[in-house]
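Values in this document were obtained by computation on a predicted structure and should not be read as measured data.
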2 protein chains.
Amino acid sequence: MSSRPTIKEVSKIAGVSFKTVSRVLNNEKHVSEETRRRVEEVVARLNFRPSHAARTLAGRRSFQVALLYDNPSPYYVYHIQIGAQKRCSELGYRLLLQPVDSQSPDLVSNVMALIDEAHLDGVILSPPVTEMIGLLDELDRRGLPYVRIAPGARKEAGMAATIDDVAAAREVTEHLIELGHRSIGFIRGLESHVSTWERLQGYREALEAHGIAFDEDLVAAGENSFTSGGDAARKLLERQPRPTAIFAGNDDMAAGVLAVAHESDVDVPGQLSIVGFDDSDLAKAVWPPLTTMRQPVRELAYAAANLMLAPDAEPQVMLEHKLMVRATTGPAPR
Amino acid sequence: MSSRPTIKEVSKIAGVSFKTVSRVLNNEKHVSEETRRRVEEVVARLNFRPSHAARTLAGRRSFQVALLYDNPSPYYVYHIQIGAQKRCSELGYRLLLQPVDSQSPDLVSNVMALIDEAHLDGVILSPPVTEMIGLLDELDRRGLPYVRIAPGARKEAGMAATIDDVAAAREVTEHLIELGHRSIGFIRGLESHVSTWERLQGYREALEAHGIAFDEDLVAAGENSFTSGGDAARKLLERQPRPTAIFAGNDDMAAGVLAVAHESDVDVPGQLSIVGFDDSDLAKAVWPPLTTMRQPVRELAYAAANLMLAPDAEPQVMLEHKLMVRATTGPAPR
DNA sequence: TTGCACGATGGCAGCGCTGTCAAATATGCC
DNA sequence: GGCATATTTGACAGCGCTGCCATCGTGCAA
């Protein structure tokens, strides 16, 4: 545990050239079993850790990738980080967690600066950075590998890990229809998120598949936040007759709906059913616990990291979503 | 925006030695204004970004510090990251966000490995990593600078950014006492967090200052989670007569209390007042919105990063807390 | 026996910067 | 004007590794 032993000390003690130590550290072949064991023993004993900076500088690869994010949800960011971090460290890569401002005009140049400074081997993009076409183009131009988590635009291009937002939203809506609801409000999220429109699409498809006319007045605009969900809910609940169910595009907005229901003494789920989307921490912290569509956020990030670092992986993976039926949905009244 | 111009190209084009370019990049003095301008112009034009790895290897400093965390709360982690990141990037440092397992027997050696590999200039510790004495000792031994955010143990030693947990808990309790509550339950958090005991201490002091006897039966053990808060609340509410207020050691547990109250048809705040601690995102997402003690998480992390990187800062700073009175507290019944 | 492929190792340049020292030039003061 | 001192610049080693090539030894077919 003493301070910074060098590779040369190791080689001296092990009685081999420092090049051989390097081979052992990098798991190269052409090292005899016995030599390898001896070197490893010395490395462990001295607690030797190779300098990342030196490897980066000398080698072709830095063993560093970055996860770029710009999402206001702590829950989402936290779990994306964990998933990506896990796969990276399993494969011996360092992951740089890099918040960015996807709306900044300097986005592309900031990311390029990071890539150059850190000699990145690749980047992982999470929504909404996934949609920044200018960035994708520049990454392509430079030939820098990247994966996207839940991309909306240019879905088929390159590597990506996704869920089927359309199908998931369809299932949510069908759950409500099966409970007898016919007048179902929908609160959509931020315009800039492609998933917003896909979820709306799924909602629409389910209605139509069950012979319920799509009514534009039942769609309210939200901004993914608690308050925007509440505001949208107030608008929807003004209608006569009022909808018996509301499907919110994410859990934060659903929590907003729930608060408005409490405020207005609307019983949930007796008079109003509510469904969210994400299954964030919030879903189990509100009362009653929220029925919501589980999105496997960690697993998406894990899969994305794997796509980028495991050479033989299929370039696109789609993960399963799952409806979590809890206590905010029930049979339609009357 | 093309790929990796080198410092030598820059120097050739600017017509100076590459050492001079290095001086400009590092903002050293002894460079004439005219030369500086010329070099900067070329740097900007070529979009040159110095290699971090090379600087680290050649220089004494890496301009890299790490933030170590091991906290189950996405909210907390998210905001700590933002605060620390902000100050680091303002000062030209890269911040490595590093989750660790503070319970692992390898904690110390894992952290030392990180320090060696990345040539860290320092580390920022957040709770509960702040309490790992073995780690602190080893950092001291190696002379590696570190700051702690909200440390419990060895408070006075070294650099730290904190709030006054005892005073904050006292204020929370006093708020309830002023509302007429005399039977106030307290749900404490994880035993391993020092703040748990400080908050209990503040609760106790306030009671005693107002001539209310401290009753051990009114203290329930929680584990900082939503469910543990609910369990503790059920126990407290069994008592006859039952407490008219509950002070939970954090917002997650307070949300659990709130859910139990809803479940048992106990009106909040009519029959039961509830206060949390943290002012996390949750506080405004539950219904009714939670009265809670605001902890300036971001600012703490910002201040911590500043302590470590700004050479002349006072080694200890204490930031202000603030009681956020929302809708879960009201006058005591009867 | 010779020849040759291949496994195991070592030697050395060089990645792109910073630190140190020395040299060249400018400035100040008696 | 002359010398001391400060400012500006350059030369060069070397940080700790990897990539490439050379070298040595061994087993095996001819």
> Nearest-Å distance, NE2 (His52(B)) to C1' (dC15(D))?
Replying inline: 15 Å

> Out of dT9(C), dT8(D), dG19(D), which has the shortest distance to the side chain of Lys19(A)?
Replying inline: dG19(D)

> Tell me: CD of Glu28(B) to C1' of dT8(D), nearest whole Å?
Replying inline: 12 Å

> Can you find a pair of side-chain heavy atoms, one from Pro145(A) and one from Asp121(A), that are under 4.5 Å apart?
Replying inline: no

>> Quick check for you: among dC20(D), dC15(D), dT20(C), whose closest atom lies nearest to any side-chain atom of Leu57(B)?
In response: dC15(D)

> When you match Val31(A) and Ala58(B) each to their closest nucleotide on DNA chain C, which lands nearer the 5' end?
Replying inline: Val31(A)

> Whole-Å distance between dT9(D) P and Lys29(B) NZ?
Replying inline: 15 Å

>> Tell me the interatomic distance from Arg36(B), atom CZ, to dT8(D), atom C1', rounded to whole angstroms.
In response: 11 Å

> Given dC17(C), is OP1 or OP2 found less than 4.0 Å from the side-chain N or O atoms of Arg49(B)?
Replying inline: no

> Which nucleotide in the list dT18(C), dT8(D), dC17(D) gets nearest to the side chain of Ser22(B)?
Replying inline: dT18(C)

>> Nearest whole Å is fine: how far is dA8(C) P from Glu34(A) CD?
In response: 12 Å

> Does the side chain of Tyr302(B) pick up a donor-acceptor pair with the side chain of Glu90(B) at under 3.5 Å?
Replying inline: yes

> So which nucleotide from dT9(D), dC17(C), dC20(D) ends up closest to the side chain of Thr20(B)?
Replying inline: dT9(D)

> Across the strands shown, which category fits Thr56(A) at heavy-atom distances under 4.0 angstrom: base, sugar-phosphate, nothing?
Replying inline: nothing

> Heavy-atom distance under 4.5 Å between the side chains of Arg36(A) and Val39(A), does that happen here?
Replying inline: no

>> When you compare the side chains of Tyr93(B) and Arg61(B), does any donor N or O come within less than 3.5 Å of an acceptor on the partner?
In response: yes

> Expressed in angstrom and rounded to an integer, what is the separation of His119(B) atom NE2 from dG16(C) atom P?
Replying inline: 17 Å

>> Nearest heavy atom decides the nucleotide; on that basis, is Ser17(A) or Ile7(B) closer to the 5' end of DNA chain C?
In response: Ser17(A)

> Tell me: NE2 of His30(A) to P of dC20(D), nearest whole Å?
Replying inline: 14 Å

> Given dG16(D), dG16(C), dT9(C), which nucleotide is nearest the side-chain atoms of Arg23(A)?
Replying inline: dT9(C)

>> Using a heavy-atom cut-off of 4.0 Å across all strands, would you classify Thr6(A) as base, sugar-phosphate, or nothing?
In response: nothing

> Taking CZ from Phe63(A) and C1' from dG16(D), how many angstroms apart are they, rounded to a whole number?
Replying inline: 15 Å

> Is there a donor-acceptor contact under 3.5 Å linking the side chains of Tyr146(A) and Asp140(A)?
Replying inline: yes

>> Assuming nearest nucleotide by heavy-atom distance, tell me which of Ser32(B) and Arg55(A) is located more 5' along DNA chain D.
In response: Ser32(B)

